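Below: one structure, written as structure tokens.
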Protein chains: 2
Amino acid sequence: MTFTKNGKTFHCPVEAALDVIGGKWKPLILWALGDAVLRFNELQKAIPGVNTKMLTKQLRELEEDGVIKRTIYPEVPPRVEYRITDFGKTLIPVLEALCNWGANYLGIEDEDASARQCRQKQQRRNEVCE
Amino acid sequence: MTFTKNGKTFHCPVEAALDVIGGKWKPLILWALGDAVLRFNELQKAIPGVNTKMLTKQLRELEEDGVIKRTIYPEVPPRVEYRITDFGKTLIPVLEALCNWGANYLGIEDEDASARQCRQKQQRRNEVCE
DNA sequence: CTGAATCCGGAAAGATACTG
DNA sequence: CAGTATCTTTCCGGATTCAG
């Protein structure tokens with residue numbers, strides 16, 4: 001059984017989802033943008049290990065897929081802001097599942113740092129959505 | 001804030017989770033093994049596009065992380081079975097979130113093929129777990 | 001015959017210098 | 001500041017080979 005979307009062929013829904021967030025840095029980018037609007041270098045600081053070329057590439061692909069929005073302010077020095085779109089927000093439950101699993105994997109009880117980090121993000125998202 | 005697990009350093013739980021299932025084919029492998037025990041070439045058929053080298057590599061990494069178990073039967077012709085471990089099963093909710101999002105992304109209503117495929121897998125898992 | 005290791009060419013990723 | 005350009009390195013895919 002196959003499915004088609006935007007001219008691409010997928011053999012299962014998981015494969016289709018991976019086409020959007022399967023990039024090496026994409027989940028981390030989305031997770032960072034889930035509760036904040038960030039500039040390019042803020043993203044780079046938020047995601048240790050990514051270099052400018054890769055960050056640019058993955059951001060462009062996410063924008064192409066309508067998951068994030070890129071806004072250029074014609075100022076000096078230049079300012080570019082990245083924010084998650086409404087469509088992108090539908091991915092947050094997936095990332096939360098990933099975060100919760102990761103928190104558990106890190107061998108952490110409810111009140112430890114990792115789980116707290118997940119919850120803080122959830123809270124900030126809720127505040128933004130109100 | 002950083003976390004450590006098995007000598008690796010992570011900056012957030014999502015990063016830790018990606019370390020385990022972030023490989024290009026890993027989600028699809030786990031999804032295939034979520035409701036069935038499969039042999040090497042069955043996996044290869046279940047995951048269109050993967051070649052033997054990559055499949056072997058990703059399987060070894062998943063085995064290394066304790067997510068799947070590899071069983072060799074010393075027969076002629078040789079037989080190798082892969083199955084998900086109890087630890088690996090804790091990842092299924094993450095993959096279900098991915099599958100559900102993918103089904104929706106494919107522009108599908110409740111009773112269409114993609115969502116049905118997700119549900120069929122869920123059902124088979126439930127049967128296996130009974 | 002299945003499952004996998006090896007070899008090689010091309011593609012992708014990484015580091016870093018540079019520019020509007 | 002927000003990226004590009006360039007160079008290096010690593011990874012991936014396909015074919016072939018090989019062991020049980």
Side-chain angles (χ1 to χ4, degrees), chain A residues 8-11 15 18-33 36-65 67-85, chain B residues 8-11 14-15 18-30 32-33 36-65 67-85:
Chain A
K8 294 175 187 168
T9 300
F10 305 107
H11 302 82
E15 190 185 2
L18 289 175
D19 186 58
V20 177
I21 54 162
K24 181 168 182 185
W25 303 99
K26 289 179 185 177
L28 291 170
I29 291 171
L30 281 180
W31 192 236
L33 293 179
V37 174
L38 296 177
R39 301 174 61 166
F40 186 85
N41 59 1
E42 290 173 326
L43 270 170
Q44 203 163 12
K45 269 177 269 177
I47 306 172
V50 71
N51 63 19
T52 61
K53 192 175 77 173
M54 274 300 102
L55 183 54
T56 301
K57 180 161 177 273
Q58 305 265 297
L59 284 168
R60 294 292 147 82
E61 288 175 8
L62 287 170
E63 190 189 6
E64 179 83 12
D65 284 327
V67 175
I68 64 170
K69 174 113 189 328
R70 178 168 176 263
T71 310
I72 306 166
Y73 296 88
E75 303 172 357
V76 177
R79 184 158 64 99
V80 178
E81 282 183 355
Y82 295 90
R83 74 190 66 222
I84 198 165
T85 63
Chain B
K8 295 175 187 169
T9 299
F10 304 108
H11 303 82
V14 173
E15 191 185 2
L18 289 175
D19 186 57
V20 176
I21 54 164
K24 180 168 181 184
W25 303 98
K26 289 179 185 177
L28 291 170
I29 291 171
L30 281 180
L33 293 179
V37 175
L38 296 177
R39 301 177 56 172
F40 186 86
N41 57 6
E42 290 173 326
L43 270 170
Q44 203 164 10
K45 269 176 267 177
I47 305 171
V50 71
N51 63 20
T52 66
K53 194 173 73 173
M54 273 301 101
L55 184 54
T56 301
K57 180 164 178 271
Q58 306 266 298
L59 285 168
R60 293 293 147 81
E61 289 175 5
L62 287 170
E63 191 191 6
E64 180 83 13
D65 284 327
V67 175
I68 64 170
K69 172 109 188 332
R70 178 168 175 261
T71 310
I72 308 166
Y73 296 89
E75 303 172 356
V76 178
R79 184 158 63 98
V80 180
E81 280 182 357
Y82 295 90
R83 77 189 65 222
I84 197 166
T85 63

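Owing to the predicted nature of the structure, the values given are computational and were not obtained by experimental measurement. Lettering follows sequence order; numbering is per chain, from 1.
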>> Once side chain to side chain contact (heavy atoms under 4.5 Å, CB included) is applied, do any residues pair with Glu61(B), and if so which ones, sequence neighbours excluded?
In response: Lys26(B), Lys57(B), Gln58(B)

> Short question: side chain of Glu63(B), backbone of Leu59(B) - any donor-acceptor pair under 3.5 Å?
Replying inline: no

> Taking any atom under 4.0 angstrom from a heavy atom of chain B, which nucleotides of DNA chain C are the first and last to qualify, 5' to 3'?
Replying inline: dC1(C) to dC7(C)

> What is the 5' to 3' range of DNA chain D, first to last nucleotide, that sits under 4.0 Å from any heavy atom of chain B?
Replying inline: dC12(D) to dG20(D)

> When rounded to the nearest 0.5 angstrom, what distance separates CH2 in Trp25(B) from CG in Leu30(B)?
Replying inline: 14.5 Å

>> With heavy-atom distances below 4.5 Å as the criterion, would you say the side chains of Leu18(A) and Glu15(A) are in contact?
In response: no

>> Contact list please: residues 76-84 of chain A against DNA chain D, heavy atoms, distance less than 4.0 Å, in numerical order.
In response: Pro77(A), Pro78(A), Arg79(A), Val80(A), Tyr82(A)

> How far does CG of Leu28(A) sit from CD1 of Ile47(A), to the nearest 0.5 angstrom?
Replying inline: 5.5 Å

> Taking only residues two or more places apart in sequence or in another chain, which ones pass side chain to side chain contact (heavy atoms under 4.5 Å, CB included) with Gln44(A)?
Replying inline: Phe40(A), Val50(A), Thr52(A), Leu55(A)

> Can you name the side-chain hydrogen bond (donor to acceptor under 3.5 Å, both in side chains) partners of Asp19(B), sequence neighbours left out?
Replying inline: Lys8(B)

> Looking at residues 50-62 of chain A, who's got a heavy atom less than 4.0 Å off DNA chain D?
Replying inline: Thr52(A), Lys53(A), Thr56(A), Arg60(A)

> Is a donor on one side and an acceptor on the other found under 3.5 Å between the side chain of Glu64(A) and the backbone of Arg60(A)?
Replying inline: no

> So which heavy atom on Ala46(B) is nearest to which on Pro48(B), and how close?
Replying inline: O-CD, 3.3 Å

> Do you know which two heavy atoms are closest between Val67(A) and Ile84(A), and how far apart they sit?
Replying inline: O-CG1, 3.6 Å

> Taking for each residue the nucleotide of DNA chain D bearing the nearest heavy atom, is the 5' side occupied by Glu75(B) or by Gly49(B)?
Replying inline: Gly49(B)

> Rounded to the nearest 0.5 Å, how far does CD1 of Ile29(B) lie from CD1 of Ile21(B)?
Replying inline: 12.0 Å

>> Under the rule for side chain to side chain contact (heavy atoms under 4.5 Å, CB included), what residues qualify as partners of Asn41(A), not counting sequence neighbours?
In response: Arg39(A)

> Rounded to the nearest 0.5 Å, how far apart are CG of Leu43(B) and NZ of Lys45(B)?
Replying inline: 10.5 Å

Residues 69-78 of chain A side chain polar contacts: donor-acceptor under 3.5 Å, at least two apart:
{"from": "Arg70(A)", "atom 1": "NE", "to": "Tyr82(A)", "atom 2": "OH", "distance (Å)": "3.3"}
{"from": "Tyr73(A)", "atom 1": "OH", "to": "Glu81(A)", "atom 2": "OE1", "distance (Å)": "3.2"}
{"from": "Glu75(A)", "atom 1": "OE1", "to": "Arg79(A)", "atom 2": "NE", "distance (Å)": "3.3"}
{"from": "Glu75(A)", "atom 1": "OE2", "to": "Arg79(A)", "atom 2": "NH2", "distance (Å)": "3.1"}

> Of all the base pairs, Watson-Crick or G-U under 3.5 Å, which form stems of three or more consecutive pairs involving DNA chain D?
Replying inline: C:1-20 with D:1-20

